[in-house]
There are 2 protein chains.
Amino acid sequence: MSHTPGIRQAQKEQTRQALLDAGLRLLDRQSLSSLGLREVTRAVGVTPAAFYRHFPDMAALGVALVSEALGSLHAVIRNAMTAGGQDSDELIDRTVAITAGYVDEHRAHVRFIARERYGGVRPVRQAIAAELGRFTDEVAAGLASQPVSAGWNAADLRVLAGLYVDHMVLTAAAIMEAPQDDRAAREEITRAARLQMQIISVGRRHWDERPA
Amino acid sequence: MSHTPGIRQAQKEQTRQALLDAGLRLLDRQSLSSLGLREVTRAVGVTPAAFYRHFPDMAALGVALVSEALGSLHAVIRNAMTAGGQDSDELIDRTVAITAGYVDEHRAHVRFIARERYGGVRPVRQAIAAELGRFTDEVAAGLASQPVSAGWNAADLRVLAGLYVDHMVLTAAAIMEAPQDDRAAREEITRAARLQMQIISVGRRHWDERPA
DNA sequence: GGACTCAGTGAACAAGTGTTATCCCAAATT
DNA sequence: AATTTGGGATAACACTTGTTCACTGAGTCC
């Protein structure tokens, strides 16, 4: 399908992307449920009616933004988990560093996800939940392939993975909320995030030693 | 101050409360940044101009809702932490049960907090962050008074407390998002929440045994 | 090279919005 | 009993909003 690129499709894709970009930028200071169609088209320099050539409504634009924000993240996660040193602390340090780096490069996307995860637009909430669920599956699969996971069943491993994923999202949100230039605050946040991940990991390693 | 109750103040307080109630109800399907002043006054049956007798703008109403939602929770937390059996699993079960019960009784408030924690209205975000910070302090104080906390310094204990608080908020949000009558889904969520708290608690107990 | 497709235009629509100034009248104060 | 206070009503202000419709003109297809 879509056998011919064509000038036409390229131009359409271009203004579609412009709508997404403008929308994301305008969502800096408000949430999706208050973002107006005219507001977006005005920012792009296009007639309000043109919006309907790309999205049926703002909710659809929001769902497209979810894909844009989270779609490219699967590869990152897989890399981070499978790569390199088995040493737990180093893996944690790297995970937090990757998270922090991702926030710097995709600040607006991170804000959007944090804001709309429990936001006022149902289809967007569902899209985010579905995508985070996929992340959880991938993390669970990664955890399962580690020797420490002996004695864990699949269901419990997914719950553990969910804990990691939620923690990652919260950490990203916290970094994003901190003033961009306040290095001390940022260091404090990443320190806390590392510490929390370490606590969870220790709990995982000593899981079978818990009191009956 | 406010030496006389007076019919006047009582009536004022009454419509103020009506504005808060109507606002909270309307926030079921949208977020604060899209909630209109006229929308709220219409729901109460009052003139738009009357709104200004109680709040300078919608952000102020939002901040008031934060107090209403989280202000009464401090006592609950203190009770839950100090009360009863030292047995860890039982404490966890009770904590999750209390959380679930709270969601049932204050569904709209929980939704509001989850939605606006990273929402589009700065003063509201700050109010929520401040209140959750106070919760974290209280939990940290509670943890400090437990024997298991030997060898933990205050800063790290606060980070651990933050992990518990964030987990509680996420659990409440998850319960709230599940269909109200789907008992299976709800049981699955609370099961996961208990398991996750247990992992964290095991990590805490075995903290000093982690590899150098 | 002529027919067709379709992204974007321009204009009009019926509502909706926050905010202000002025007035009213019951409660509070003296 | 006379005066002041202040919560709420009324009405108007100048905009903004989503959606529709027939249209134009460049890109595509045969």
Side-chain angles (χ1 to χ4, degrees), chain A residues 1-23 25-65 119-124, chain B residues 1-23 25-65 119-124:
Chain A
M1 343 186 157
S2 112
H3 31 74
T4 323
I7 299 178
R8 199 118 193 221
Q9 296 213 6
Q11 282 177 344
K12 174 165 186 181
E13 179 56 36
Q14 192 175 328
T15 78
R16 190 191 123 104
Q17 191 59 48
L19 289 169
L20 288 170
D21 293 350
R25 193 172 52 76
L26 290 166
L27 286 171
D28 210 77
R29 297 186 133 79
Q30 62 187 317
S31 27
L32 186 62
S33 77
S34 71
L35 180 60
L37 173 159
R38 289 184 110 106
E39 209 177 343
V40 176
T41 57
R42 194 186 312 128
V44 173
V46 144
T47 284
F51 182 90
Y52 296 102
R53 302 287 183 197
H54 303 276
F55 308 100
D57 49 27
M58 287 294 305
L61 183 142
V63 171
L65 278 177
V121 184
R122 171 95 68 93
V124 172
Chain B
M1 345 184 155
S2 113
H3 31 75
T4 325
I7 299 179
R8 204 138 194 197
Q9 296 213 7
Q11 282 177 344
K12 174 167 186 181
E13 180 54 36
Q14 192 175 326
T15 81
R16 190 191 123 103
Q17 192 57 49
L19 288 169
L20 288 170
D21 292 351
R25 194 173 51 77
L26 290 166
L27 285 170
D28 210 76
R29 298 184 132 78
Q30 62 188 316
S31 24
L32 186 62
S33 77
S34 70
L35 179 60
L37 173 159
R38 289 183 108 105
E39 210 176 342
V40 177
T41 56
R42 194 185 314 127
V44 173
V46 142
T47 284
F51 183 90
Y52 295 103
R53 303 284 184 199
H54 303 275
F55 307 100
D57 49 28
M58 287 294 305
L61 183 140
V63 171
L65 278 178
V121 184
R122 173 95 67 95
V124 171

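These numbers come from the heavy atoms of this one structure, side chains and all, not from hydrogens, waters or symmetry mates. On a predicted model such as this, the values are computed, not experimentally measured, just so you know. Below, read A as the first sequence line, B as the second, and so on, with proteins coming before strands; counting in each chain starts at 1.
The structure places CG of A:Leu61 at 8.0 Å from CZ of A:Arg16, a figure rounded to the nearest 0.5 Å. Atom-to-atom distance recorded for B:Ser34:OG and A:Leu32:CG is 9.5 Å, nearest 0.5 angstrom.
Taking every side-chain heavy atom of A:Ala49 into account, D:dC21 is the closest of D:dA9, D:dC21, C:dA12. Distance from the side chain of A:Thr15 is smallest for C:dG8 among the nucleotides D:dT17, C:dG8, D:dG7. Side-chain proximity of B:Ala50 to the nucleotides C:dT17, D:dT19, D:dA9 is greatest for D:dA9. When each of C:dT17, D:dG7, C:dG8 is scored by its nearest atom to the side-chain atoms of B:Lys12, the top-ranked nucleotide is D:dG7. Checking C:dG18, D:dT19, D:dT28 against the side-chain heavy atoms of A:Ile7 singles out D:dT28 as nearest. Minimum atom distance to the side chain of B:Leu37 is reached by C:dG18, of the listed D:dT20, D:dA9, C:dG18.
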Per-nucleotide pairing state of DNA chain D [Watson-Crick or G-U, under 3.5 Å; [ ] pseudoknot-crossing; | other strand]: ||||||||||||.||||.||||||||||||
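The backbone N or O of A:Gln30 lies less than 3.5 Å from no partner atom in the side chain of B:Ser33, so there is not a single donor-acceptor pair.
The nearest heavy atom of DNA chain D to A:Arg53 and to A:Leu35 marks one nucleotide each, and the one closer to the 5' end goes with A:Leu35. Of the two residues near DNA chain C, B:Pro56 and B:Gln11, the one whose nearest nucleotide lies more 5' is B:Pro56. Positionally, the nearest nucleotide of DNA chain C for A:His54 lies more toward the 5' end than for the other of B:Arg38 and A:His54.
At a threshold of 4.0 angstrom between heavy atoms, the contacts of B:Tyr52 include nucleobase atoms, whether or not backbone atoms are also involved.
One N or O donor and one acceptor, one from the side chain of A:Arg8 and one from the base of C:dC6, sit under 3.5 Å apart.
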